[in-house]
Visitor: 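Below: one structure in structure tokens.
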Protein chains: 2
Amino acid sequence: MGHTPTTARGRATRKRILDAAADLIQRRGVAAVTLDDVERAAGAGRSQLYHYFDDRDDLIRSVVHSTVDTVLAAQEPLLLKVDSLAGIDRWFDAIVANGTRQDAVGGCAIGSLASQLSGRDDLARQAFVDAFARWEAPLIAGLQRMQESGELCPDADVTELADLTMAAIQGGLLLAQVRRTPDQLRLALRGARAALEDALTPLP
Amino acid sequence: MGHTPTTARGRATRKRILDAAADLIQRRGVAAVTLDDVERAAGAGRSQLYHYFDDRDDLIRSVVHSTVDTVLAAQEPLLLKVDSLAGIDRWFDAIVANGTRQDAVGGCAIGSLASQLSGRDDLARQAFVDAFARWEAPLIAGLQRMQESGELCPDADVTELADLTMAAIQGGLLLAQVRRTPDQLRLALRGARAALEDALTPLP
DNA sequence: CCTGTTTTGTACTTCACAGTACAGAGATTC
DNA sequence: GAATCTCTGTACTGTGAAGTACAAAACAGG
């Protein structure tokens with residue numbers, strides 16, 4: 001995976017390359033980004049690229065990892081507080097708000113990459129399996145807490161509920177990207193919410 | 001858009017090219033398919049390609065159109081009979097069965113293409129907007145019939161329900177592709193079903 | 001400072017792939 | 001059966017983009 005930089009300057013350069021590549025890929029798609037583009041955007045030369053990354057594929061995979069980290073880091077604050085229906089609603093609202101931002105009408109950064117790469121590069125696919133698992137973990141944990149507190153029905157399958165929610169998010173973001181209307185995301189989440197509500201403990 | 005063939009032989013050739021390209025793209029992704037690949041798979045020469053299509057982009061767009069037609073044609077029989085919850089269940093089952101086929105673990109043919117192309121080629125994006133609209137139309141019509149027959153609550157928004165269902169399908173197929181388990185699709189649809197059930201007229 | 005290591009600049013090579021040229025085969029019409 | 005379309009085979013060109021070579025610059029430690 002190339003050389004890991006040891007000096008501060010090196011780390012900064014590697015990061016500049018990675019950020020530039022991530023940005024370009026996000027906007028144009030993996031296939032439409034050339035190494036020359038990345039160099040220009042990062043203000044770096046060819047030798048830097050090949051110093052820090054083995055080849056183009058290595059760079060792409062590194063972008064995948066860093067993108068996943070970024071997305072998850074952004075979600076975590078609210079995702080960790082998911083332990084009630086109200087908490088879930090707050091999380092959903094944040095996702096919608098984030099998907100509505102002007103520069104982010106491009107669907108889910110992860111989901112978009114996933115469907116571009118999963119079919120081709122099995123190594124990348126594995127990275128997305130991990131990514132979705134990491135993303136889902138705090139949600140599953142939250143649902144379990146809801147179950148322990150009695151808010152959620154004891155015989156509900158929290159993993160299935162979480163899977164279903166992730167699917168709604170991804171599908172909503174895809175339609176939002178195609179139709180260029182963030183509404184689609186809001187609606188999609190409504191479906192997941194209906195399933196979650198169904199799993200609540202019925203009022204006594 | 002190239003020459004439309006006038007003879008039977010010409011039509012056959014054009015179709016062979018289109019089918020070969022669709023198949024390759026489906027399996028490897030748009031970017032990884034070269035014209036040489038298509039030629040070889042179709043048993044055609046370079047001149048045929050450029051006789052029936054303007055250039056590579058034109059070929060890709062044609063593939064998009066034909067893929068959409070194929071998918072919709074496969075859905076239609078069951079989709080037209082959606083006018084009860086049981087009918088919807090039958091449609092869902094068919095989708096799951098289709099997504100489980102060995103050669104189709106590659107997510108939704110349309111959705112997959114959509115997220116590859118929507119970000120880049122606005123002309124293609126438009127094609128997907130149309131595709132999803134055509135796909136959704138019979139569902140909306142069916143839900144309306146359910147509303148008229150009284151099965152569905154009169155104040156339910158059928159368009160929103162349909163949107164939400166489409167999102168569940170797409171999200172489910174994406175996760176199924178990444179995780180290589182068709183279960184994801186089944187679960188995702190359960191979310192949509194919950195929302196649909198919520199919209200049923202409560203029993204008197 | 002001197003020495004080795006990390007980082008960077010530039011110019012080059014190589015090759016795959018989109019697109020072109022052009023002639024030849026096959027069909028169709030009168 | 002000649003004239004004129006539609007269709008096909010093959011070989012070529014040009015270019016863009018990945019990857020390489022190699023030396024100079026910046027930096028670190030002693």
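Predicted, not measured: the structure shown is a model, and the values here were computed from it. Proteins get letters first, then strands, A, B, ... in listed order; numbering begins at 1 in each. Atom set for the values below is all heavy atoms of this structure, side chains included, hydrogens, waters and symmetry mates excluded.
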Visitor: If you compare every side-chain N and O of A:T4 against the phosphate oxygens of C:dT6 (OP1, OP2), does one of them come in below 4.0 Å?
Guide: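 It does not, given that no N or O in the side chain of A:T4 lies less than 4.0 Å from OP1 or OP2 of C:dT6.
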Visitor: Are A:K15 and A:D19 close enough for a salt bridge, meaning some N to O gap below 4.0 Å?
Guide: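 The answer is yes: the pair qualifies as a salt bridge.
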Visitor: Under 3.5 Å, which donor-acceptor pairs link side chains of residues 163-174 of chain B to any protein atom two or more places apart or in another chain?
Guide:
| unit_1 | atom_1 | unit_2 | atom_2 | d |
| --- | --- | --- | --- | --- |
| B:D163 | OD1 | A:R179 | NH1 | 3.2 |
| B:D163 | OD2 | A:Q184 | NE2 | 3.2 |
| B:T165 | OG1 | B:L161 | O | 2.8 |

Visitor: Report the distance from atom NE2 of A:H51 to atom C1' of D:dA25, rounded to the nearest whole Å.
Guide: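 My rounded result for the distance is 14 Å.
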Visitor: Which part of the nucleic acid, if any, lies within reach of B:F53 when heavy atoms closer than 4.0 Å are counted: base, sugar-phosphate only, or nothing?
Guide: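 The answer is nothing, as B:F53 stays clear of every strand by at least 4.0 Å.
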Visitor: Between A:Q48 (CD) and D:dA25 (C1'), how many Å, whole number?
Guide: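 So the CD-C1' distance, A:Q48 to D:dA25, works out to 12 Å.
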Visitor: Kindly compute the distance separating CD (B:Q116) from CG (A:L117), expressed to the nearest 0.5 Å.
Guide: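 Here the interatomic distance stands at 9.0 Å.
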Visitor: Without decimals, in angstroms, what is the distance between A:D58 CG and D:dA18 P?
Guide: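 Taking CG of A:D58 and P of D:dA18, I get 14 Å after rounding.
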Visitor: Please list, chain by chain and in numerical order, all residues satisfying salt bridge (Lys or Arg N to Asp or Glu O under 4.0 Å) with A:D69, sequence neighbours excluded.
Guide: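 A:D69 satisfies salt bridge (Lys or Arg N to Asp or Glu O under 4.0 Å) with A:R134 once adjacent residues are dropped.
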Visitor: Hey, are the side chains of A:L59 and A:L18 touching, using non-hydrogen atoms and a 4.5 Å cut-off?
Guide: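 The answer is yes; the side chains approach within 4.5 Å.
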Visitor: For nucleotides 14-30 of chain C, just jot down a letter per nucleotide in 5' to 3' order: B, S or -, based on protein non-hydrogen atoms under 4.0 Å.
Guide: ---SBBB-----S----
Visitor: Could you state the atom-to-atom distance from OH of B:Y52 to C1' of D:dT8 in whole Å?
Guide: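 About 8 Å, once rounded to whole Å.
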Visitor: Check the pair B:D122, B:R125 against salt bridge (charged side-chain N to carboxylate O under 4.0 Å, His left out), reporting the backbone distance first and the verdict last.
Guide: CA-CA 5 Å; B:D122 209 69; B:R125 207 200 95 239; 2.9 Å; yes
Visitor: Take the protein atom CG of A:L49 and the nucleotide atom P of C:dT8, then report the distance between them rounded to whole Å.
Guide: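 Whole-Å distance recorded here is 11 Å.
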